[in-house]
Amino acid sequence: MTDLHYLQLLSRTYPTALAASAEIINLNAICQLPKGTEYFFSDLHGEYDAFSYLLSSASGILRDKIENLFSRSVSERDREELAMLIYNPKDVLARVRERLPQQEHDAWCQIVIYRLVQVCKTVSSKYTRSKVRKKIPPNFSYIIDELLHADDEDNKERYYAEIIRSIIATGTSDAFIAQFCVLIKECAVDRLHILGDIYDRGPHADRIMEELRRFHEVDIQWGNHDIAWMGAVAGNQACVASVLRRCVSYNNFDLLEDGYGINLRPLSMFAAKTYGDDPCERFLPHVLDENIYDPVDTILASKMHKALAILEFKLEGQLLRRHPEYEMNDRILLSKIDFDTYTVEVEGKRYEMLDHHFPTVDPTDPIALTAEEQELIDQLSASFQHSTLLLQHIRFLLQRGSMYKVVNNNLLYHGCLPMEEDGTLKKVPLGSELLSGKAFLDALDAKVRLAFYGPAGSSERINAVDGFWYLWAGPNSPLFGKSKVSAFERYFIADAVTHKEIYNPYYTAVKKRSTCEMILREFGLDPANSHIVNGHVPVKEREGESPIRGEGLLFVIDGGISKAYQRQTGFGGYTLIYNSHHLALAQHKPYNQILNCPQDSAPQVRIVETMPKRVLVGDTDTGHSLRQQIEALEDLLSAYRDGILKENEE
């Protein structure tokens, strides 16, 4: 029998045999429901609009539901409008109100509400009524609940018709329809998995984080770009400079100043003064998105970009000097410059430099900060640590995030497991240990948390804060998995040979089924019924690459949601969808194409594995937890019936 003390605690919630029996019945019934649909995204890179659309449309699944329900009874135009209404109710409702006179608008609302009821019944059919009620927005919870179960009471046809008439008569139809659309989207996606790199390149990682915070069930596997932001907030100044350099490089001033309240005035003043006569031509920003609230002159942005790059390379050099165990002294490239000839040594070979203007670099001590640079980085670091919204987002990344996750027989991580050339797991020094595979990731996860929650001022915490930079760009970092970040070479050396970043052997090895089987076993999974899902490296399908590796055991789902990658990938990203019937990969069009031609927005969906039998809640991790609860409740029921515990009828 379960520990008696535990049963006594459980009896406070279930004080009678009848209460325990009712919950056993309820949990057993839940185990027989189909599992909810899980969605997997990777490498969002600040592309809020694209992500929001894909999430709102459930990667095209909602449109399929609409087609199944209404293809024979509703025109194609009205089906398209219904889909777009669910995805973006605010805009569609505004357009409809503009084009229709009041009487026609009221009639439209009545028809749309009936149709939304049918869609919602379909997407919520695999949930219990209580779970659906928890998802219903509070303002209209009673009304929506009644409408969703209208078919249960044939005698109340006039009652339901009056509900809809009153919604329209009271002028709340737009608000009601918008709330109903929210519920439909909540029911379409039961659980969301984000496989890293929420930040950098795109304009609004802050809005993505707000969307994730509102979502009912989400987990995050940290990417190297996320970890750099976490390091910046933890106080790693090399990460602060690195994060800011990428934001300025991609013209993300709205994110920094309007989104997170990062004060860039000290940077702009420093850059304008220091690089006043320097055209900084190699530092022109990539303008993929225009700033709305904080536009910055391109020439000034170029100077800010160069100032941050030099600051970053200096701070990286200082960090690498502090940590010889990283074995990266060859990456302190400012110290490899010959300032008489303006050549630099990279990997044993000397190259001419494209830029000769380094007003803040002392040739006798190239990685030393000037007094002005030190003041600047201190101000910028303080701005990161005082941003309330950014602190909330990083706290959310800590609460919902990890180096990896095992869920429902799927192993999720962002980048790789460091490997040797022969495909074996690489043993990487960490502290006094040599670690590989699962043990290495577990230790790194603990180190990330130590950087935030360890004793203030302790050497362990300081060392952990420094470690964020290695996780961002170290060759043995499982979040990075490449030989180097070649930013210095791309800025200052023409020879493209120096720009190449060599991938860890992992990325070749996982094309073999045997490698994927080895990894799954490393994490306690059976390769016969489990998979690996990771992102990080864009899949170049236009060059013949496939997202499916290891004979179907591994899925790479970085497909180019980020506009910065779409020239390489040729499309707008992947979603992996795991429902009760199958695993499917949805390949999406670029978001700009969807905007220009919404009627042709459906993704290409290919089923990559069909389940032998329909997967029920009882077959999932949730089902395992429910069975444990059932066993405990059965012990409680026995304790009541055997007189070991007394029932409390009060």
Side-chain angles (χ1 to χ4, degrees), residues 35 37-43 59 191 193-196 219 221 223 402-426 436-442 478-479 481 503-541 543-559 569 573-587 604-615 619-621 624:
K35 74 173 285 295
T37 302
E38 300 172 69
Y39 280 75
F40 303 75
F41 287 93
S42 180
D43 298 84
S59 297
R191 187 165 186 171
H193 308 288
I194 306 295
L195 277 78
D219 54 73
Q221 292 70 59
S402 56
M403 291 293 295
Y404 71 93
K405 189 174 185 65
V406 176
V407 54
N408 294 335
N409 293 323
N410 291 309
L411 170 61
L412 319 180
Y413 50 82
H414 174 70
C416 70
L417 294 181
M419 288 185 174
E420 304 285 3
E421 290 292 342
D422 63 2
T424 58
L425 294 173
K426 185 172 186 176
S436 64
K438 182 178 182 298
F440 183 42
L441 267 59
D442 286 336
L479 304 183
Y503 285 98
N504 185 273
Y506 165 91
Y507 295 99
T508 300
V510 292
K511 295 177 182 178
K512 300 177 182 177
R513 183 179 181 89
S514 58
T515 302
C516 296
E517 290 176 343
M518 178 267 291
I519 293 172
L520 289 167
R521 292 191 186 99
E522 170 75 8
F523 288 83
L525 292 169
D526 181 358
N529 58 12
S530 54
H531 303 87
I532 302 166
V533 189
N534 79 265
H536 187 48
V537 180
V539 178
K540 304 179 184 70
E541 280 215 1
E543 297 178 14
E545 288 186 355
S546 170
I548 305 171
R549 314 281 164 86
E551 298 180 26
L553 288 186
L554 184 146
F555 304 106
V556 181
I557 60 168
D558 181 3
T569 63
Y574 291 116
T575 312
L576 183 66
I577 305 165
Y578 179 25
N579 62 27
S580 60
H581 294 290
H582 56 245
L583 272 167
L585 270 172
Q587 179 181 305
Q604 295 180 17
V605 179
R606 47 179 155 168
I607 296 173
V608 293
E609 185 169 325
T610 302
M611 300 300 113
K613 62 181 183 64
R614 192 171 196 188
V615 183
D619 302 317
T620 66
D621 295 345
H624 177 71

Run the ring-ring contact (aromatic ring centres under 6.0 Å, His included) test on Tyr404 and Phe523 for me, step by step, so that the C-alpha distance in whole Å, both residues' side-chain angles and the decisive distance to 0.1 Å come before the verdict. CA-CA 10 Å; Tyr404 71 93; Phe523 288 83; 4.9 Å; yes

side-chain contact (heavy atoms from CB on, under 4.5 Å) for Val537 and Asp558? Distances and angles first, verdict last. CA-CA 6 Å; Val537 180; Asp558 181 3; 5.6 Å; no

Residue pair Val539, Arg549: steps toward the side-chain contact (heavy atoms from CB on, under 4.5 Å) verdict: CA-CA 11 Å; Val539 178; Arg549 314 281 164 86; 4.1 Å; yes

For Phe40 and Thr575, run side-chain contact (heavy atoms from CB on, under 4.5 Å): C-alpha distance rounded to whole Å, both residues' side-chain angles, the deciding distance at 0.1 Å, then the answer. CA-CA 6 Å; Phe40 303 75; Thr575 312; 5.8 Å; no

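A distance of 10.0 Å separates NE2 of His414 from CE of Met403, quoted to the nearest 0.5 Å. Atoms OH and NZ, from Tyr506 and Lys426 in turn, are 16.0 Å apart once rounded to the nearest 0.5 Å. Note: Thr37 OG1 to His581 NE2 = 9.0 Å, rounded to the nearest 0.5 Å. Between the CG atom of Leu553 and the NZ atom of Lys511 there is a distance of 16.0 Å, given to the nearest 0.5 Å. Rounding to the nearest 0.5 Å places CG of Asn534 at 9.5 Å from CG of Asp43.
A donor-acceptor pair under 3.5 Å links the side-chain atoms of Thr515 to the main chain of Ala509, judged by distance alone. Side-chain atoms of Ser42 come within 3.5 Å of backbone N or O of Leu195 as a donor-acceptor pair. No donor-acceptor pair closer than 3.5 Å links the side chain of Gln604 to the backbone N or O of Gln587. The backbone N or O of Lys540 sits less than 3.5 Å from a side-chain atom of Glu545, completing a donor-acceptor pair.
Pairing each heavy atom of Gly535 with each of Val556, the nearest pair is O-CG1, 4.1 Å. What you find for Phe555 and His531 is that their closest heavy atoms are CE1-CD2, 3.6 Å. The shortest non-hydrogen separation linking Cys516 to Val510 is SG-O, 3.3 Å. Here the closest non-hydrogen pair linking Leu411 and Leu525 is CB-CD1, 3.9 Å. What you find for Arg513 and Pro527 is that their closest heavy atoms are NH2-O, 4.3 Å. Closest non-hydrogen pair, Glu522 versus Ala439, comes out as OE2-N, 4.4 Å.
Between Met611 and Lys613, every side-chain heavy-atom pair lies at or beyond the 4.5 Å cut-off. At a threshold of 4.5 Å between non-hydrogen side-chain atoms, the residues Val407 and Glu38 count as touching. Counting only heavy atoms from C-beta outward, the side chains of Asn504 and Leu417 never approach each other to under 4.5 Å. Contact check for Tyr507 versus His536: side-chain heavy atoms found under the 4.5 Å cut-off. Counting only heavy atoms from C-beta outward, the side chains of Leu425 and Met518 approach each other to under 4.5 Å. With a 4.5 Å cut-off on side-chain heavy atoms, Leu585 and Ile548 count as touching. With a 4.5 Å cut-off on side-chain heavy atoms, Pro418 and Ser436 do not count as touching.
Dense packing is recorded around CD of Glu420, with more than 12 heavy atoms of other residues, nucleotides or ligands lying under 6.0 Å away. When the shell of 6.0 Å around NE2 of His624 is examined, it contains 12 or fewer heavy atoms from other residues, nucleotides or ligands.
The side chain to side chain contact (heavy atoms under 4.5 Å, CB included) with Leu412 is formed by just one residue from the set Ile557, Leu576, Asp219, Ile532; it is Asp219.
The cationic group of Lys35 lies under 6.0 Å from the six-membered ring centre of Tyr578 and within 45° of the ring axis, placing it in a cation-pi geometry.
Look at Asp619 and Arg614 and you find no salt bridge, because none of the NZ, NE, NH1 or NH2 atoms lies under 4.0 Å from a carboxylate O.
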